[in-house]
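Each remark here refers to the structure printed beneath this line.
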Amino acid sequence: MSSAFAWIAEWGVSFASLTGGVLTLFVFRRGLPNVAYIVGYLLLLWLVFAVLVELRQPLAESGRRSGRLVITAADYTIQTLYHGLLLFVLPAYWASTTLTSRNVVFLGLLVLLTLLATFDPWYRAIVQPRPWLGYAFFVVSIFAALNVALPLVGLPPFWALMASAFAASLAITPVVRRAGDRTWVGALRVTVALGVVAVALAAVGRAWIPPAPLFMARAAILWDVLDLDAIEALPTTLSAAEVKERGLVAYTAIYAPAGLRQSVSHVWRHRGRVIEVVSLAPVLGGRREGYRTYSRKTSFPEDSEGRWSVDVVTASGQLIGRLRFRIVR
């Protein structure tokens with residue numbers, strides 16, 4: 001019996017927290033987190049983080065029990081904020097991630113961080129003993145949350161990506177100030193320089209980041225578009241003769257938050273090689289069922305058999321979604 005109570009004390013709260021977090025994924029509409037909620041969490045997280053960075057060493061050196069309690073309470077508060085923040089933005093990233101593309105790596109990182117923040121024994125064993133890992137946890141959480149929040153107020157995903165990378169670098173100013181015994185101005189100069197580097201890295205690696213909160217509400221391959229309200233998708237395996245005779249239409253409905261205007265393209269690929277890029281009218285946000293658009297391809301090569309895909313990408317090259325089909329003889 002005592003071992004059961006010990007297990008509950010060690011893991012029970014974590015499992016209860018995970019259950020509550022998973023339930024929030026069904027309570028909040030996919031891809032539509034409340035921006036005020038995210039901003040409030042971010043401000044509170046940064047404030048507690050900054051205060052703890054400033055006071056951790058003096059409190060630890062004081063040797064007082066009250067000091068240790070303050071550190072423990074602050075660490076747990078930060079962990080709880082990570083947990084709530086990541087679970088709140090995770091549905092947006094899940095919706096906008098294409099599981100067959102490289103941007104699934106970032107989703108996997110967020111899932112890993114969410115699990116660490118959820119299970120107290122794991123967090124205490126892995127994150128707390130390693131300050132550098134705690135700082136990385138902090139930076140990624142800030143970046144991921146801002147990257148979802150900024151498009152909700154009308155900033156296109158590419159610029160939201162740049163701004164999020166820069167702001168996440170500035171957020172560690174208290175760490176740089178404390179570690180180098182610098183003034184606040186001196187520490188800010190360092191983090192501004194780090195922010196410029198982070199922006200460059202985000203620009204280069206943008207294809208690895210899902211364009212949250214944009215996501216594909218619906219997608220289909222069609223023979224023709226007669227009625228956008230009565231879409232009948234074709235099977236994923238098509239006859240080469242019929243395709244060459246009739247052509248194909250790639251139909252996509254893309255969700256974007258209200259106030260957002262985003263240029264997109266359809267990239268038609270055959271066996272991984274780009275065949276055609278079709279620029280489409282900009283997506284206008286605000287439609288619950290997504291902004292509907294399509295591209296038509298009427299000419300196919302003689303050797304058209306094999307794997308085909310249509311990537312839906314933003315003007316900056318972030319992948320929103322992918323249609324796949326196969327052409328056979």
Side-chain angles (χ1 to χ4, degrees), residues 93-108 156-158 161 203-212 214-256 261-285 287 289-329:
Y93 282 103
W94 168 257
S96 64
T97 296
T98 303
L99 298 180
T100 57
S101 76
R102 68 185 74 176
N103 64 25
V104 74
V105 174
F106 189 75
L107 174 67
F158 177 74
L161 186 69
V204 172
R206 60 189 180 276
W208 294 81
I209 310 296
L214 272 68
F215 66 87
M216 196 95 80
R218 190 179 178 190
I221 292 293
L222 316 169
W223 290 128
D224 206 346
V225 178
L226 301 177
D227 184 359
L228 290 178
D229 294 318
I231 296 297
E232 293 187 11
L234 292 174
T236 56
T237 301
L238 304 169
S239 162
E242 197 168 13
V243 166
K244 290 175 185 177
E245 178 185 348
R246 303 180 63 175
L248 288 175
V249 170
Y251 165 85
T252 54
I254 303 167
Y255 169 79
R261 179 185 176 91
Q262 175 63 58
S263 297
V264 297
S265 300
H266 281 179
V267 181
W268 290 75
R269 284 188 169 90
H270 180 215
R271 299 172 183 165
R273 183 168 60 91
V274 175
I275 300 298
E276 187 175 358
V277 178
V278 182
S279 297
L280 304 173
V283 170
L284 303 178
R287 290 173 59 93
E289 64 275 19
Y291 185 87
R292 297 175 294 186
T293 186
Y294 62 90
S295 65
R296 187 189 307 273
K297 184 168 179 57
T298 56
S299 60
F300 285 82
E302 288 299 322
D303 61 338
S304 60
E305 292 83 2
R307 295 179 294 104
W308 283 80
S309 65
V310 181
D311 286 353
V312 186
V313 299
T314 66
S316 63
Q318 286 182 278
L319 180 64
I320 302 173
R322 175 175 291 157
L323 275 161
R324 295 193 296 176
F325 60 95
R326 180 179 291 274
I327 295 179
V328 298
R329 287 188 183 276

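Keep in mind the model is a prediction, meaning the values are calculated, not measured.
Glu289 and Ala253 make their closest contact through O-CB, 3.7 Å (heavy atoms, listed as atom of the first residue, atom of the second, distance). The shortest heavy-atom contact between Pro210 and Ser96 is CB-OG, 3.3 Å. Listed here is the closest heavy atom pair of Asn103 and Ala207: CB-O, 3.7 Å. Considering all non-hydrogen atoms of both residues, Ile231 and Ala220 come closest at CG2-CB, 4.1 Å.
Asp311 CG to Leu319 CG: the interatomic distance, rounded to the nearest 0.5 Å, is 5.0 Å. Between the OG1 atom in Thr97 and the CZ atom in Arg102 there is a gap of 14.0 Å [rounded to 0.5 Å]. Separating the CZ atom in Arg246 from the CZ atom in Phe300 is a distance of 12.0 Å, to the nearest 0.5 Å. Here the CE-OG1 distance, from Met216 to Thr252, works out to 5.5 Å after rounding to the nearest 0.5 Å. Atoms CZ and OG, from Arg271 and Ser304 in turn, are 8.5 Å apart once rounded to the nearest 0.5 Å. To the nearest 0.5 Å, atom CG of residue Asp303 and atom CD1 of residue Ile327 are 10.5 Å apart.
The shortest side-chain heavy-atom distance between Lys297 and Val310 does not fall under the 4.5 Å cut-off. Phe158 is not listed as a side-chain neighbour of Thr314, based on a closest heavy-atom distance of 4.5 Å or more. Taking the side chain as every heavy atom from C-beta outward, Leu248 and Leu238 approach each other to under 4.5 Å. Proximity of Arg269 to Arg307: side-chain heavy atoms (C-beta onward) are nowhere separated by under 4.5 Å. With contacts defined as side-chain heavy-atom distances shorter than 4.5 Å, the pair Val243/Trp223 qualifies. Counting heavy atoms from C-beta outward, Val225 and Arg292 have side chains that stay 4.5 Å or more apart.
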Exercise. Where do Ile275 and Trp308 land on the side chain to side chain contact (heavy atoms under 4.5 Å, CB included) test, with the steps shown first?
Worked result: CA-CA 10 Å; Ile275 300 298; Trp308 283 80; 4.1 Å; yes

For this session: Check the pair Trp208, Phe106 against side chain to side chain contact (heavy atoms under 4.5 Å, CB included), reporting the backbone distance first and the verdict last.
Result: CA-CA 7 Å; Trp208 294 81; Phe106 189 75; 5.8 Å; no

For this session: Mind running side chain to side chain contact (heavy atoms under 4.5 Å, CB included) on Glu305 and Arg329 for me, showing each step along the way?
Result: CA-CA 7 Å; Glu305 292 83 2; Arg329 287 188 183 276; 3.6 Å; yes

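Between Tyr251 and the options Ile221, Leu323, Leu222, a side-chain contact (heavy atoms from CB on, under 4.5 Å) holds for only Leu222. When Gln318, Arg206, Gln262 are each tested for a side-chain contact (heavy atoms from CB on, under 4.5 Å) with Pro211, only one passes: Gln318.
Note on ring orientation: taking the six-membered ring where Trp is involved, the planes of Phe325 and Trp268 are perpendicular (angle over 60°, cut-offs 30° and 60°).
A donor-acceptor contact shorter than 3.5 Å is absent between the side chain of Arg322 and the backbone of Thr98.
Salt bridge present: Arg296 and Asp224 bring a charged side-chain N and a carboxylate O closer than 4.0 Å.
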